[in-house]
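The block underneath contains the structure these notes are about, expressed in structure tokens.
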Protein chains: 2
Amino acid sequence: MANTGRAGRQSRVATLPPRERILDAAEELFTREGIKAVGVQAIADRAGTTKMALYRHFATKDALVEEWLRIVAADYTAVFDQLETAHPDDPRAQILGMARFIADGLPGISHRGCPFINSLAELPDRAHPARRLIEAHKAGQARRLTGLCARAGLTDPDEAAAEITFVLEGAQVSTQNASVERVGERLMRIVQGVLDRHSAR
Amino acid sequence: MANTGRAGRQSRVATLPPRERILDAAEELFTREGIKAVGVQAIADRAGTTKMALYRHFATKDALVEEWLRIVAADYTAVFDQLETAHPDDPRAQILGMARFIADGLPGISHRGCPFINSLAELPDRAHPARRLIEAHKAGQARRLTGLCARAGLTDPDEAAAEITFVLEGAQVSTQNASVERVGERLMRIVQGVLDRHSAR
DNA sequence: ATCCAACGAGACCGATCGGTATCGCTTGAG
DNA sequence: CTCAAGCGATACCGATCGGTCTCGTTGGAT
């Protein structure tokens, strides 16, 4: 998901405006190295611009972090929305679509995990705006997933949603470690099993 | 697990040697604030000693981080061992015991997650000794869990172990966010379900 | 009693951090 | 054509980082 910008230098033609390049660079570096490990200078360099230009668009580094996470969250929500319009009357397909989206993304984030989980680790302060954003996003996703489970006719929507959430998060975490092989398919099989098991018999 | 040292000032009597106090302080601060966010000065202060004393026992900050993670990993392994001696011929009880241990620990790590997962987020470099330590520990736990699943007579030990791992990690991650309520019991119920489902009928 | 190793205290170092100030240059809307 | 706004470059600021050095004290084994 995301990572729209090419990795190369500032292309000669059709260069994006500085603000977008900065956000692309931030996405790349924050994801790969972590928030605290990346300095604003490095972000400016990778964006092919300067620190001053960065501070013309973002008040502080924290504000940039927040905006980056807002975009990531919006990307996830967009996938959810898109699945909803694609399968308006099939909540089960929406759930499996979300799982498929996560599963397919696993190889790409190999050894680097989920941006949200990693950012939470670097933002211990619950009052931090970026952290509040993450928690709000996760809460919204959980509510939405629970709703889908209910509409899918599962016997215990709360339990099923929690189960799926655990498995989804756990798969992303586990991808950081060991053999990434078959994690995606394993994940799909498990989610499928959860749905079947909670279905009214 | 761990957190053996009292939280208070350096007690007047029976004060632990500096090295232990430093490790206790590191455990406390690294867990609560994160690795990168904590300076060696802060660790020394909390241990009631000085930076110099710290560097007499640990070559670098990284070495201290590594030693801390080694202790945490050893604590987990010790619980595993203890369960093995308690239920030598009941692999199922061992698995449930481990899940119970995690579940009971969830309220304690509320909003701060698992030290391993958080540390992975702050150690993007796969060659970092501390990271290698974590990966080795996780690999060992996974192997052990798979073995238990096999001995428990589950039809697909690999699948069952992966499922349990995902759920365990996911529960710890999710504890950082929302309503921590009932997460422990929910976790136990899910693991129990995984065991039942994979049992030969 | 002695002596040495570990300790507490604190100054100090170079590097890097987030963030600001200054100054030309480009550029596109009026 | 004009001119202000946005831009790139660079120097700079105070604070903090990990890590080193010195020195005076202390306490347990011999």
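Worth knowing before you read on, the calculation uses all heavy atoms, side chains too, and leaves out hydrogens, waters and symmetry mates. Please read these numbers as outputs of a predicted model, since none were measured by experiment.
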I'd like a table of atom pairs between the protein and nucleotides 17-20 of chain D - only N or O on both sides, under 3.5 Å - with the distance next to each one.
residue: D/dG18; atom: OP1; partner: B/Lys61; partner atom: NZ; Å: 2.8
residue: D/dG18; atom: OP2; partner: B/Val40; partner atom: N; Å: 3.0
residue: D/dG19; atom: OP2; partner: B/Tyr55; partner atom: OH; Å: 2.8
residue: D/dG19; atom: OP2; partner: B/Lys61; partner atom: N; Å: 2.7
residue: D/dG19; atom: O5'; partner: B/Tyr55; partner atom: OH; Å: 3.4
residue: D/dG19; atom: N7; partner: B/Lys51; partner atom: NZ; Å: 2.9
residue: D/dG19; atom: O6; partner: B/Lys51; partner atom: NZ; Å: 2.1

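Atom CZ of B/Arg19 is separated from atom C1' of C/dC7 by 16 Å (rounded to the nearest Å). Rounding to whole angstrom units, CD of residue A/Glu20 and C1' of D/dC7 are separated by 16 Å. Distance A/Arg21 CZ to D/dG6 C1': 12 Å, rounded to the nearest Å. As rounded to whole Å, 14 Å separates atom C1' of D/dT16 from atom CG of B/Asp45.
For B/Phe101 and B/Tyr76, the ring centers sit closer than 6.0 Å to each other.
Taking the charged nitrogens against the carboxylate oxygens, B/Arg70 and B/Glu67 do have a contact shorter than 4.0 Å, which makes a salt bridge. Remark: B/Asp156 does not engage B/Arg197 in a salt bridge, criterion side-chain N to carboxylate O under 4.0 Å. For the pair A/Arg189 and A/Glu185, the salt-bridge criterion is not met [side-chain N within less than 4.0 Å of a carboxylate O].
The shortest distance between the side-chain N/O atoms of A/His57 and the OP1/OP2 oxygens of D/dG6 is not below 4.0 Å. For C/dA9, neither phosphate oxygen OP1 nor OP2 lies less than 4.0 angstrom from any side-chain nitrogen or oxygen of B/Thr50.
Contact annotation: side chain of B/Arg56 to base of C/dG8, donor-acceptor pair present below 3.5 Å.
In this structure, a donor-acceptor pair under 3.5 Å is present between the side chains of A/Gln41 and A/Asp45.
Although no hydrogens or angles enter the test, the distance criterion places no donor-acceptor pair under 3.5 Å between the side chain of B/Arg100 and the main chain of B/Ile95.
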